[in-house]
Asks: 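I have a structure here, written as structure tokens, and I will follow up with some questions on it.
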Amino acid sequence: MQPAEFDDSTAEYWARQIRIGASVAAGVTLLGCVRVAVDWDTDRRWMLGPILAAALVQIAAALLPWARLVRSPRVRGWLVLWWVAELPLAFLFSTIDQDGLLLYLSGIALIMVTAASLYGPTVVVGLGALAAAGYLALLPDLTGANAVSTVSLVAIMACLVALNSINARSRRRLDRRRQAAEHRTEMLLEAASDAVFAIDVTGAVRYASPSAQRIFGLTGAEVTGKALVELAHPEELAGLRAWMGALFAVPGGTARTEARLRRPDGTWLHLDVIGTNRTDDADLRAAVISLRDIGRRKELEEQLSRQAFTDSLTGLPNRALFRDRLEQAVRRRAGGGVTVLLIDLDDFKLVNDNLGHSAGDELLATLAGRLRAEMRPGDTLARLGGDEFAILVEDLDGADAVALAERLLLAGREQVRLDSRDVTCSLSIGIASGDLPAGQLLRDADLAMYAAKRAGRNAYAVFSPSMSRSVLEEAQQRVDMELGLEQEQFVLLYQPVVDLATQRTTAVEALVRWQHPEDGLLSPYQFIATAEANGLIVPLGRWVLREACAQLARWRRETPAAAGLKVNVNLSARQFQYAGLVADVAAAIGDAGIPAGSLTLEITESMLMEDITGAIETLRALRALGVRLAIDDFGTGYSSLNYLKQLPVDIIKIDRTFVEQVDTDADDVALVDAVVALGQALRLQTVAEGIETEGQWMMLRQIGCDQGQGYLFGRPGDAASVPGLLIREPAPAEL
């Protein structure tokens, strides 16, 4: 009979119609009071009191809170009795009054109209039937109408009932359509990703869409009546008020902003807010505010910002953020006072190659923490990439900057535990300061850092203008070396190693030279140090190894006398520490097709002592391939007999400094004799380097040294000269 659900609009409509009906009924009843007082007989005027009381009751009924009461289905059901009760009262009044039929018809019309405004056709037809019965009952007493008149009046009454019934049905149909449209709108708003508020000019929420509960955790009833600014974040309160003021200042205008509003649990919701001023719309008189949750977008923006300006491994600022802060510092201190320290971890690539990238990452993270601990709170530490860090400090004089660099060097040298191994690293630090652009400060610090590396690493250097030229020259040499490797500008020369007893060539040592297109043939002293510093020594050493093995294979194929010839190849420090060394050696031997025992690898004594444990592991892996191992420049390092006993080597090469005066200095004779005896005790072959005179050769042969090399037996020559060394009979006395 009534709508299934009552919203605010429906409840207000019912309340309005009930008040109108009660007011009309009260007015008609008061007119009845006047009628009684004027036209009725004196003996019936006592009814004036009850009729007046009925009018007052109807006036009081109009003042009840119907918008709340009609929400109850029971109240709406009992209200029908109000209209039903009006019918017998109207009937009784009409039976007494001389114009009762006219009054009855008018009263019934009012009752039918007010009932049709609220109830459906069934109620209207029922009331109409009761009213028609009363009407028919009044006709014989109040008129002398004939049958035709009676039928006509009844027909008019039926039409009145029918019209009101049709109106009630039409109204119900329109109500259902309206409710269906509102329901669809509510469903769409509830499913929408946005919450929609209607806010009046005071900033109070007058409407909140169902989606507000999903987004905010607040129902429409909980939000309605509140000021939107009550939910705003304190930091954004003033901005939100200014935005709302600007929005309401322009009728029909649209404005957009972002805001944070509080949920009931105290968390903050990031929202994109779009407002349209509809205060000029008579049906709305409010601003329509659309609020979209952009929390995920904000999180993504923050994540992207962190990725764009923060190093993911260490959590430090990255190059872009460091550059931005450096530029800001330079602008703040136009007169100077900005210092940059550029830090590079020495030989970090070896950690990655030997222990793996995870160990390298752990080392970088640990180092970042140690560097940060040495800095002031206001300084900026950044990771520029790879193993390179940078520090920005302000208000630091030269002496304090040097003191900071010294502390950083000490922190960098502390051992780090990586994969059950204690690793010690070192830093190279470049310092630059002055009233210079940010880019220039970074370049100067970079030049100073490379100067520290050239000075031996584990050091710092303060920039000076003289560094620029040397670094540029070094950079050019690196480019030239890379091009030289690509264009095969490097060549190998071979120096014979002879048996001191028979003077026959038993091996050749491969020595690299650079056939520079502009500077001619360069000795190792002119490029090896640079290759070590810039890392090109590894690919260069790999090329030397493969070329020497391939050349030995050619000699053996082409020259019968080379059947037992061996080749010696020197390994650099970085090459020996390179994790792929064993694989490179195995590939060189396998590709050349030579026996592993025909290759001798020479390692300096100082290289072995840098990391004796790691050196032993590498030597054992090389020995497992079958190659021979030699300690070069023996006697110039600090190895102990205990270490020498542990090293899996085959040959000791006595340094030339002990050979120069072996035929004239008794102390050198004693030293060489001790080394040879040591070699014999450990079953190691001994080779003397730098033999240039016959006297040296004779003394070394007398001491018992096994082999030797030097200008006395032959200078380094190209590959074509080696077969001649193998077939000739040497004559030392003539050389």
Side-chain angles (χ1 to χ4, degrees), residues 481 484-499 502-517 520-524 527-528 531 536-572 575 580-603 622-623 625-630 632 650-651 653 685 687 707-711 713-730:
M481 287 189 69
L485 282 169
E486 181 181 344
Q487 297 181 353
E488 298 184 355
Q489 295 175 2
F490 291 91
V491 297
L492 290 184
L493 300 182
Y494 300 91
Q495 185 175 24
V497 179
V498 303
D499 184 291
T502 63
Q503 302 179 28
R504 294 191 178 277
T505 300
T506 59
V508 290
E509 181 177 357
L511 304 170
V512 66
R513 301 290 187 269
W514 185 2
Q515 189 64 55
H516 197 280
L521 191 66
L522 302 181
S523 70
F527 62 86
I528 288 295
L536 289 177
I537 193 67
V538 173
L540 177 60
R542 185 184 300 117
W543 177 85
V544 171
L545 181 64
R546 297 183 68 87
E547 179 62 24
C549 291
Q551 183 59 58
L552 179 61
R554 288 193 290 270
W555 284 327
R556 289 194 168 193
R557 286 195 306 268
E558 300 168 0
T559 305
L565 185 67
K566 298 179 176 60
V567 66
N568 295 6
V569 176
N570 292 281
L571 297 180
S572 70
Q575 191 180 8
L581 173 62
V582 177
D584 286 349
V585 173
I589 295 171
D591 293 346
I594 61 174
S598 62
L599 172 64
T600 301
L601 299 176
E602 299 187 7
I603 305 100
L622 292 170
R623 171 65 74 81
L625 295 177
V627 301
R628 287 155 48 90
L629 303 172
D632 198 11
D650 305 282
I651 301 169
K653 297 192 73 172
Q685 197 174 55
V687 179
Q707 296 181 340
Q709 65 183 109
Y711 289 168
F713 307 112
R715 293 176 178 272
D718 59 19
S721 66
V722 173
L725 296 174
L726 299 175
I727 60 177
R728 74 174 183 178
E729 292 292 336

Asks: Rounded at 0.5 Å granularity, tell me how far CG in L571 sits from CG in D632.
Replies: 10.0 Å

Asks: For A553 versus A592, what's the shortest heavy-atom pair and its separation?
Replies: CB-O, 3.4 Å

Asks: Main chain of L629, side chain of D650: is a donor-acceptor contact present, judged purely on distance under 3.5 Å?
Replies: yes

Asks: Answer yes or no: is there a side-chain heavy-atom contact under 4.5 Å between L511 and N570?
Replies: yes

Asks: Grab the two heavy atoms, one from C549 and one from A588, that are nearest each other, plus how far apart they are.
Replies: CB-O, 3.8 Å

Asks: Does one side chain, of D584 or Q575, offer a donor that lies under 3.5 Å from an acceptor on the other?
Replies: no

Asks: Which pair of non-hydrogen atoms, one from P496 and one from G714, has the smallest distance, and what is that distance?
Replies: CD-O, 3.8 Å

Asks: Can you see which heavy atom on V722 is nearest to which on Y494, and at what distance?
Replies: CG2-CB, 3.8 Å

Asks: I want to check something: taking the side chain as every heavy atom from C-beta on, are F527 and L540 in contact at a cut-off of under 4.5 Å?
Replies: yes

Asks: CG of L726 to OG1 of T505: how many Å apart, nearest 0.5 Å?
Replies: 6.0 Å

Asks: Check whether any side-chain heavy atom of Y711 lies under 4.5 Å from a side-chain heavy atom of Q495, and answer yes or no.
Replies: yes

Asks: Inspect the contact between K653 and E509 and indicate whether a charged nitrogen and a carboxylate oxygen are less than 4.0 angstrom apart.
Replies: yes

Asks: So, taking the atom named OG in S523 and the one named CG in L493, what distance separates them when rounded to the nearest 0.5 Å?
Replies: 11.0 Å

Asks: Can you tell me if S598 uses its side chain to pair, donor with acceptor, with the backbone of P595 under 3.5 Å?
Replies: yes

Asks: Is any side-chain N of the basic residue among E547 and R554 closer than 4.0 Å to the acidic one's carboxylate O?
Replies: yes

Asks: Given side chains that start at C-beta, do those of R628 and L599 come closer than 4.5 Å, heavy atoms only?
Replies: no

Asks: Assess, by modelled atom type and distance only, whether the side chains of D499 and Q707 contain a donor and an acceptor separated by less than 3.5 Å.
Replies: no

Asks: Contact between L625 and V585 at the side-chain level, heavy atoms closer than 4.5 Å - yes or no?
Replies: yes

Asks: Do side-chain atoms of W555 reach the backbone of A719 as a donor and acceptor pair under 3.5 angstrom?
Replies: yes

Asks: Other residues, nucleotides and ligands only: do more than 12 of their heavy atoms fall within 6.0 Å of CD on E558?
Replies: yes

Asks: Can you check whether V569 reaches T600 side chain to side chain, under 4.5 Å on heavy atoms?
Replies: no

Asks: F490 vs W543 aromatic rings, parallel, tilted or perpendicular, using cut-offs 30° and 60°?
Replies: tilted

Asks: Do R513 side-chain atoms and L492 backbone N/O form a donor-acceptor pair below 3.5 Å?
Replies: no

Asks: Could you check V498 against L725 for side-chain contact (heavy atoms from CB on, under 4.5 Å), going step by step and ending with a plain yes or no?
Replies: CA-CA 10 Å; V498 303; L725 296 174; over 6 Å; no

Asks: Measure from the side-chain N and O atoms of T506 to the backbone N and O of V497, and report whether any donor-acceptor pair falls under 3.5 Å.
Replies: yes

Asks: Say you draw a straight line from CD of Q515 to CG of L521; how long is it, rounded to the nearest 0.5 Å?
Replies: 5.0 Å

Asks: Is there side-chain contact between V508 and N568, with heavy atoms separated by less than 4.5 Å?
Replies: no

Asks: Might you point out which heavy atoms bring I537 and S572 nearest each other, and give the distance in Å?
Replies: CG1-OG, 3.2 Å

Asks: How many angstroms lie between atom CE of M481 and atom CD1 of I528, to the nearest 0.5 angstrom?
Replies: 6.5 Å

Asks: Roughly how far, to the nearest 0.5 Å, is the CD1 atom of I594 from the CZ atom of R557?
Replies: 11.0 Å

